[in-house]
Amino acid sequence: MMNTATRLTVAAVFLCAIMPLHARDAQFTFVPLDDFEDTSPWIGGDPNTDLTQKDAALTPSDKFVHEGTQSIAFMVSVNWTPREGEKYPRGWPMMTRHFDPPVDWSAFDHVAFWLYTDTRITIPSGRALRCKPLVDGDEGQDWYTIPGIEAGVWQQVLMPLGAEYDWSAVTGFSFYVAEGWYQDGDRIDFYIDDMRLARRNWPVFQSLAISSRIGPRGAPPVLDAQISGPFDGAAVRCRITDLEGAPQYEARFPLQARRALVRTDADSLQPGSHYALASVVDAAGTVRDIRTQYFRTMQPGKRTHLSLITFYTPQLIELDEEKLEQLRVLNDSAYAAVAIPLFGSYNTDPIPDFDDLTAKLDMVADALEIEAWPWVSLNRMIGAPEDARGHASTHAERPEYFQAIPMLDLANETGARADFLKMFRIAARAAKRWGSPGLVIDYEAYNNYMAYTMTILAERRGEPLEQTIELCEALGTDMARVLEEEYPECVVWTLFSRLDRPVVVPGHDGLVHPMPGHISQGFLNYAKKHGVPCKYLCGGEVSVGYYNANPEALRAKIAERDMKMAGPLETWPDHLFLAGTISPYHDHTIVTSWVKDRAGDDPELKTIEDFQPMFETLFDAYDWVWIYASSAGRTVPYNPDNNARYSAVYEAALTASAAQ
């Protein structure tokens with residue numbers, strides 16, 4: 001049966017896609033913004049990467065018109081072939097209108113427009129088209145992913161204007177797609193018409209998050225209520241209960257703006273599970289909206305389990321005395337554990353039997369004084385594109401092993417599924433032999449990132465979406481069975497679970513997760529039904545993320561994650577837990593690649609010592625945290641001097657957090 005939080009999540013996701021038009025129009029007041037009878041203000045091209053935009057066209061059209069004589073057509077032909085002078089073959093086609101002078105949208109809470117999608121392809125179930133307003137001097141809110149896009153029908157889109165942003169000087173509006181979301185050769189045309197600004201006629205929640213993870217351990221939870229509609233005289237009521245409904249706290253917060261961010265004084269809550277029931281009351285005292293969110297409070301005084309997960313760590317099958325000496329550096333560190341990759345992510349050799357690995361397993365046990373967690377990768381059963389543009393083409397000794405796989409070997413068509421499950425069983429047995437609490441699994445689809453998108457995965461495998469979902473969940477079930485047989489108390493530390501990113505797929509009942517989310521569901525459902533006493537950690541790589549500019553930005557991600565993961569955490573309270581992550585560096589002047597891109601030239605975080613407040617924020621929020629020591633950050637974690645410097649900062653943060 002669907003729990004309360006899940007029902008609310010489903011309702012919220014479906015709302016924009018299926019709300020009857022008469023009901024929607026009654027809730028909003030609309031003001032015209034662009035009827036596209038003149039499309040000359042709109043221009044194509046991404047100013048940061050490609051202004052020529054060879055793979056897209058922008059033109060007025062009378063082919064599909066919602067109202068008036070024409071719409072604007074944004075036509076994308078995906079072409080991954082490198083061409084002369086083109087820096088990014090998989091580009092980001094974009095269309096933008098600039099406002100000069102800037103316009104004031106502060107009286108509104110949504111941008112509305114009509115969208116018609118013309119295509120013969122299977123529309124990606126995750127991201128197909130994004131949009132956002134532009135604000136000078138501020139990145140503003142993140143790109144809005146338009147949900148539930150369906151071909152052949154006009155759909156009204158309502159993009160919320162986040163209550164935490166200043167909309168008094170909007171300089172433009174953009175749409176974009178990434179060619180990487182699609183397959184080479186795809187053609188998709190978007191027709192956009194009747195763009196309007198909208199404001200709700202009465203106050204409702206735009207979003208609601210309650211979290212005990214964005215303060216010191218044991219501190220009262222923080223309520224973040226963002227409102228659409230008039231807030232003058234309105235208020236938010238919050239009631240916290242235990243799981244049986246017994247009241248634990250109640251308060252009323254008058255609204256002074258569209259956002260109420262308050263730390264409650266619910267300081268008597270015990271660590272564990274709770275419900276927050278919040279309502280919006282208008283100036284006349286009428287309840288206009290109600291939300292319920294499950295959340296967990298943290299145990300004060302608990303020291304976070306800190307783990308190192310990095311590709312600097314040597315693989316088990318390649319261990320020799322020199323590499324063992326490298327591992328011994330960590331014996332004098334703040335880490336409680338290190339993940340040991342049993343095999344490389346691109347390994348295509350026959351999987352050895354467990355008994356053939358025991359000698360190397362014992363070498364690790366003898367060398368390390370901290371925990372060793374076996375680490376395996378789902379990439380073993382992910383197919384590489386035939387055009388050899390996946391990572392496997394440069395990292396695998398036998399790319400043909402991956403090229404034979406139909407995107408994901410869910411039915412063991414090539415034997416890769418069996419290979420993966422054999423690796424997973426070895427990892428469980430290795431963790432038990434080492435006396436380690438658990439193992440690490442990396443769901444990253446290095447060979448082909450399109451494998452995450454369930455509609456494309458089903459199409460590539462030539463089967464209905466429902467069957468692909470069943471097969472993904474069956475894989476998770478088999479993983480849980482392995483633990484039941486080998487190591488029932490094992491902790492499975494995933495780098496991410498993708499349970500926080502469900503989407504609406506037209507024609508499919510219920511929500512669809514990215515591929516790892518359905519594997520996670522299969523695992524958790526089996527563990528819950530059969531009482532397997534394991535734990536499943538969602539590592540946070542794609543939610544909290546590796547890099548945030550400062551503690552404030554990190555706390556915002558933590559609170560947002562609590563909101564998005566409330567349903568899964570409620571569904572599997574004894575099995576699913578959250579972990580956090582970060583990818584630090586010790587000198588911002590030497591970082592490269594994606595770390596340099598995110599940090600910029602003058603970051604707030606310049607040295608490893610500057611990261612201490614970031615670590616304390618993570619350790620306050622999560623009982624498990626992993627450090628991703630990246631090559632882009634030039635961390636070199638097995639250098640003794642680096643290890644000592646980083647560990648001093650880790651230890652100070654761990655101690656400060658546990659002292660709360």
Side-chain angles (χ1 to χ4, degrees), residues 9-21 24 36 42 55-58 61 63-67 71-78 92-96 110-133 141-160 173-183 185-196 198 449-450 452-460 464-466 468-469 498 501-515 517:
T9 300
V10 171
V13 172
F14 273 95
L15 184 62
C16 285
I18 65 172
M19 183 190 296
L21 295 183
R24 178 176 292 174
F36 297 99
W42 291 86
D55 299 335
L58 192 63
S61 176
K63 183 177 181 181
F64 299 106
V65 179
H66 184 261
E67 192 170 321
S71 61
I72 191 167
F74 181 34
M75 300 178 287
V76 180
S77 298
V78 178
W92 297 269
M94 181 178 291
M95 58 176 276
T96 300
H110 288 79
V111 177
F113 55 88
W114 287 90
L115 174 69
Y116 188 99
T117 305
D118 184 28
T119 187
R120 295 182 179 180
I121 69 167
T122 298
I123 298 174
S125 55
R127 298 165 294 184
L129 179 64
R130 282 180 161 180
C131 59
K132 71 176 292 186
Q141 71 181 31
D142 199 4
W143 289 93
Y144 177 70
T145 301
I146 299 171
I149 293 179
E150 187 173 358
V153 295
W154 280 104
Q155 297 173 281
Q156 189 178 29
V157 177
L158 278 167
M159 189 211 78
F173 196 90
S174 288
F175 294 86
Y176 94 100
V177 302
E179 291 186 75
W181 301 339
Y182 294 86
Q183 301 181 76
D186 282 353
R187 170 69 184 265
I188 187 165
D189 298 340
F190 300 104
Y191 295 82
I192 300 162
D193 206 354
D194 296 333
M195 181 174 281
R196 298 177 291 173
Y449 289 101
M450 299 298 289
Y452 292 140
T453 305
M454 292 298 294
T455 49
I456 291 177
L457 177 58
E459 180 183 56
R460 186 67 63 89
L465 175 60
E466 290 74 16
T468 306
I469 290 173
R498 289 292 179 97
R501 298 194 175 191
V503 297
V504 174
V505 174
H508 176 78
D509 293 334
L511 298 176
V512 176
H513 295 272
M515 171 266 291

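The structure displayed is predicted, hence computed values, not measured ones.
Looking only at distances, a side-chain donor or acceptor of S71 sits under 3.5 Å from a matching main-chain atom of F64. No donor-acceptor distance shorter than 3.5 angstrom exists from the side chain of T117 to the backbone of I188, with no hydrogens or angles considered.
No side-chain heavy atom of H66 sits less than 4.5 Å from a side-chain heavy atom of Q156. Between L129 and L115, the closest side-chain pair of non-hydrogen atoms falls below 4.5 Å. The shortest side-chain heavy-atom distance between R460 and L457 does not fall under the 4.5 Å cut-off. Side-chain contact check for H508 versus T455: every heavy-atom pair is 4.5 Å or farther apart. The shortest distance between side-chain heavy atoms of M159 and Q141 falls below 4.5 Å. Residues D189 and R187 form a side-chain contact, since some pair of their non-hydrogen atoms from C-beta on lies under 4.5 Å apart. In this structure the side chain of R127 never reaches within 4.5 angstrom of the side chain of W143, judged on heavy atoms. Contact annotation: the side chain of Q183 never approaches that of V78 to less than 4.5 Å [non-hydrogen atoms, C-beta and beyond].
Taking the side chain to side chain donor-acceptor pair (under 3.5 Å) definition, one finds that W42 meets it with D34, sequence neighbours left out. For H110, the ring pair (Phe, Tyr, Trp, His ring centres under 6.0 Å) partners at least two apart in sequence or on another chain are F28.
Here F190 contributes atom CZ and T119 contributes atom OG1; the two are 8.0 Å apart, rounded to the nearest 0.5 Å. In this structure, the separation between OG1 on T96 and NZ on K132 is 11.0 Å, given to the nearest 0.5 Å. With rounding to the nearest 0.5 Å, the separation of CE in M454 from CD in E466 is 10.0 Å. Interatomic distance, D142 CG to R130 CZ, rounded to the nearest 0.5 Å: 6.0 Å. Between the OG1 atom of T453 and the CD1 atom of I123 there is a distance of 12.5 Å, given to the nearest 0.5 Å. How far CZ of F175 is from CD1 of I146: 6.0 Å, rounded to the nearest 0.5 Å.
Shown here for V177 and A128, the closest heavy-atom pair between the two residues is CG1-O, 3.1 Å. Across S77 and E179, no two heavy atoms sit closer than the pair O-OE1, 4.0 Å. In plain terms, the two heavy atoms of S125 and V503 that are nearest each other are O-CG2, 2.7 Å. Across S61 and A73, no two heavy atoms sit closer than the pair CB-CB, 4.0 Å.
Of the options V157, D194, V65, a side chain to side chain contact (heavy atoms under 4.5 Å, CB included) to W114 is made by D194 and by none of the others. Here the options are Y144, F74, W181, W92, the test is ring pair (Phe, Tyr, Trp, His ring centres under 6.0 Å), and the partner is Y176; only W181 passes.
The aromatic ring centres of F36 and F113 sit 6.0 Å or more apart.
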